[in-house]
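Numbered from 1 within each chain, the chains take letters A, B, ... in sequence-line order. All of these numbers come straight from a predicted model, not from anything done at the bench.
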Amino acid sequence: MAKFYITTAITYASQRPHIGNTYEAVFTDAVARYHKLIGDDVYFLTGTDEHGEKIERAAEKEGVSPQDFVNRISKELRDVWDLCMVEYDGFIRTSEPRHKEIVKRIFKKLYDRGDIYKSVYDGWYCIPDEAFHTEAQIVKSENGNLCPDCGRPVEKLSEEAYFFRLSAYAERLTEHIEKNPDFIQPDTRKNEMVNGYIKPGLQDFCVSRTSFTWGVPIESDPGHVTYVWVDALSNYITALGYDAGGNHGELFQKYWPCDVHVLGKDVLRFHTLYWPALLMALELPLPKKVFGHPWILTGSDKMSKSLGNAIYATELVEKYGVDCTRYYVLREMPFARDGSITREQFVSRCNTDLANDLGNLASRSITMAEKYFGGEVSPAEKPQNEVLELCAASRTRYAEAMDKLAMQSAVTEAMAPVVRANRYIDETAPWILAKDNEKAEELRCVLYTLLDTLRAASVLLYPVMPLACGKLRSQLGLSEIPVWDEPSPKGYTVKRGENLFPRIVMEEVEA
RNA sequence: CGCGGGGUAGAGCAGUCCGGUAGCUCGUCGGGCUCAUAACCCGGAGGUCAGAGGUUCAAAUCCUCUCCCCGCAACCA
């Protein structure tokens, strides 16, 4: 039994999570569930990033304290995770004392070692917004330099700040990335990191701010608070009980280094350059893999609140159920390229794969088992045929895909025997066999094949759709929670229940 | 010459590394079946593989150039 530590990025607690944020959590959950299924000792961490200027200002706008504000958002997020059956083992909030205390110590340790130093941060400041912007962010126009948020003029300002000596780690980072081809996934992203950032020369990054106060204070220098990087990234170790002094908690000793960090492609840079460098400075082993997943687009547009095209998981789950929602994002999102969601695509995918293929296969197989054998299907000998061979082959390919985090391929593999089994019914025509008493054993073998295919699918699809697969397994007379090496039973005692995946009729749902 | 991804049937994609009759899903048209959630199964139609040139017996695939779309461009949560 191997240990397996997997994380999502912590979600910034400034607004309610949309389907894009939820995708990351569901994806990670499915991988974690797969590893639990194969018997690994899994720890799945997720959480909320709760500091920073944006939150400070959002709270002020609402007239509440930043703490009250993030309490609400963080709770809202956990409700969404629960709704989507995201079964995490740990949840970290960066405003928790256990986290803030260790962040202070990490900062001090890095400062004492000389990895953090004090300097001056030059930036463009928007007075009405009270916000700093970088040279690259500001909008240049005939009227001078303008704020990218509000379009008003910005002024050049300098503030004292602390920096992390990232430049000192360039060589070690390059070496690590080259020696560990799986460290950054997908590969195309790796090239981006190396060619786009390391080769041109890494610059030290700013780890403190004085322009806001909602953050972890730097004790040796009042007025300074820790800026995002050291604070947020270190969640992956503070949540396990890392202690800068070396007296680490049990979880840390057991689970670090992380096996996979799952995060959006936009923050990949921080997790493949900043985070490893911070860990090197702390003399800790690096995570084994960092996976930058693609974005979910609404049709062909970027999903955003301001465009008004954001789709929320809560709405999808309420209308179509948790299984359809999880299935859609896991089946439809490619490995490396951005995927998309529209209501039409969603309904079509769920109806075709879940209602027509899987749900209908269960329905017709179980109904026939009841009709022809009163629900008891125990052949004298376990049949061997092409369909059951495909089940075994798919299982192997599914596992290979899962190991590579190729979720779309894994789900497709899991569904392959289901598609084959529907054809098998036509080939064997059980309703004809049923008319001939001498063919009873043959019929029993056909039905056993169908039921065993459903069982095999219920195992592979369990990480994707835990609720529906549990129900399917009940109908098959099996325990709701499967194990990976589950043997095919001698026979099945089935009982038909409600349709697992009712067809979605657009008009009804919209009405 | 900033970096990267992409342009293949009405739609969405695979195939490109390791050249050899262009494939999948949805849609569409026709047929079959009746166990099933008007589901399932079989077959047909539909593509000058962005364009031009080159290498080759043979190019979606290799080389060169051109056009178009989309991300990212440094302290953005």
Side-chain angles (χ1 to χ4, degrees), chain A residues 9-15 21 48-55 94 121-123 132-137 148-149 161 163-164 166 186 188-197 199-207 209 227-229 231-233 263-270 273-274 294-295 297 300-302 332 334 336-340 342 344-345 348-349 351-372 408-409 412 419 421-434 443 446-447 450 496 498-505:
Chain A
I10 47 177
T11 306
Y12 196 58
S14 63
Q15 56 177 302
N21 312 124
T48 37
D49 178 10
E50 306 189 349
H51 289 134
E53 193 168 3
K54 244 185 204 174
I55 284 173
T94 57
Y121 173 69
D122 287 317
F132 261 102
H133 300 287
T134 61
E135 183 74 30
Q137 285 175 292
D149 293 338
F163 287 81
F164 177 81
L166 180 65
T188 56
R189 301 279 162 218
K190 176 172 77 184
N191 301 335
E192 250 176 66
M193 295 305 127
V194 174
N195 296 333
Y197 301 101
K199 278 188 186 163
L202 288 174
Q203 285 184 16
D204 297 346
F205 61 87
C206 183
V207 293
R209 282 295 154 86
Y227 180 61
V228 59
W229 317 116
D231 178 13
L233 290 168
L263 39 108
K265 61 178 187 178
D266 57 327
V267 287
L268 193 64
R269 207 171 83 227
F270 312 120
L273 304 177
Y274 294 17
W295 283 126
L297 310 177
S300 55
D301 297 318
K302 200 169 183 173
E332 204 69 22
R337 187 140 29 118
D338 287 345
S340 85
T342 64
E344 290 73 23
Q345 285 167 8
S348 161
R349 174 60 67 192
N351 278 344
T352 303
D353 292 8
L354 298 180
N356 299 354
D357 288 346
L358 179 57
N360 189 38
L361 177 68
S363 172
R364 61 203 304 214
S365 304
I366 294 171
T367 301
M368 284 191 279
E370 290 189 335
K371 194 181 268 187
Y372 304 142
Q408 187 179 34
S409 305
T412 308
V419 175
N422 273 318
R423 182 149 58 94
Y424 177 74
I425 295 182
D426 274 63
E427 288 164 358
T428 54
W431 52 93
I432 293 176
L433 296 175
L443 177 59
V446 167
L447 288 179
L450 296 175
R496 201 182 189 304
E498 284 179 19
N499 283 345
L500 296 166
F501 304 101
R503 268 185 79 80
I504 300 168
V505 181

Scan every strand shown for a Watson-Crick or G-U wobble partner of [N], both distances under 3.5 Å, and answer none if you come up empty.
{"N": "rC40(B)", "result": "rG32(B)"}
{"N": "rC62(B)", "result": "rG54(B)"}
{"N": "rG46(B)", "result": "none"}
{"N": "rC3(B)", "result": "rG71(B)"}
{"N": "rG12(B)", "result": "rC24(B)"}

At under 4.0 Å between heavy atoms, what does [X] touch on the DNA or RNA strands: base, sugar-phosphate, or nothing?
{"X": "Asn360(A)", "value": "base"}
{"X": "Gly359(A)", "value": "base"}
{"X": "Ile366(A)", "value": "nothing"}
{"X": "Pro502(A)", "value": "base"}

First encountered from the 5' end of RNA chain B, between Val228(A) and Ser365(A):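 Between the two, 5'-proximity favours Ser365(A).
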First encountered from the 5' end of RNA chain B, between Phe501(A) and Ile10(A): Phe501(A)
Under-4.0 Å side-chain N/O to phosphate OP1/OP2 contact, Arg423(A) with rC42(B):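 Looking at the OP1 and OP2 atoms of rC42(B), one of them is under 4.0 Å from a side-chain N or O of Arg423(A).
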rG4(B) phosphate, OP1 or OP2, under 4.0 Å from Lys265(A) side-chain N/O: no
Heavy-atom donor-acceptor pair, Asn356(A) side-chain to rA39(B) base, under 3.5 Å: no
Test salt bridge (Lys or Arg N to Asp or Glu O under 4.0 Å) applied to Glu332(A) and Arg349(A), step by step: CA-CA 8 Å; Glu332(A) 204 69 22; Arg349(A) 174 60 67 192; 2.8 Å; yes
Check the distance between [N]'s [atom2] and [X]'s [atom1] and give it to me in whole angstrom.
{"X": "Leu273(A)", "N": "rC72(B)", "atom1": "CG", "atom2": "P", "value": "17 Å"}
{"X": "Glu498(A)", "N": "rA36(B)", "atom1": "CD", "atom2": "C1'", "value": "17 Å"}
{"X": "Met193(A)", "N": "rG2(B)", "atom1": "CE", "atom2": "C1'", "value": "16 Å"}

Can you pull every protein N or O that's under 3.5 Å from an N or O on nucleotides 29-34 of chain B?
unit_1  : atom_1 : unit_2    : atom_2 : d
rG32(B) : N2     : Asp426(A) : OD2    : 3.3

Are any side-chain N or O atoms of [X] and backbone N or O atoms of [Y], one a donor and one an acceptor, separated by less than 3.5 Å?
{"X": "Ser363(A)", "Y": "Gly359(A)", "result": "no"}
{"X": "Asp204(A)", "Y": "Leu166(A)", "result": "yes"}
{"X": "Ser348(A)", "Y": "Glu344(A)", "result": "no"}

Any N/O pairs under 3.5 Å between the protein and nucleotides 10-17 of chain B? List them or say none.
unit_1  : atom_1 : unit_2    : atom_2 : d
rA14(B) : OP1    : Arg337(A) : NH2    : 2.9
rA14(B) : OP2    : Arg337(A) : NH2    : 2.8

Spatial distance of atom CZ (Arg503(A)) from atom OG1 (Thr352(A)) [nearest 0.5 Å]: 7.5 Å
Among [options], which nucleotide sits nearest the side chain of [X]?
{"X": "Ser363(A)", "options": "rC35(B), rU37(B), rC75(B)", "result": "rU37(B)"}
{"X": "Lys371(A)", "options": "rC75(B), rC41(B), rC35(B)", "result": "rC35(B)"}
{"X": "Tyr197(A)", "options": "rU37(B), rA39(B), rC72(B)", "result": "rC72(B)"}
{"X": "Asn422(A)", "options": "rC35(B), rA39(B), rC41(B)", "result": "rC41(B)"}

Validation row: Arg364(A), Leu450(A) side chains within 4.5 angstrom (heavy atoms):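 No, side chains not in contact.
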Short N/O separations, protein against nucleotides 24-26 of chain B, under 3.5 angstrom:
none

Parallel, tilted or perpendicular, as decided by the 30° and 60° cut-offs, for the rings of Phe205(A) and Phe164(A):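 Ring orientation of Phe164(A) relative to Phe205(A): tilted.
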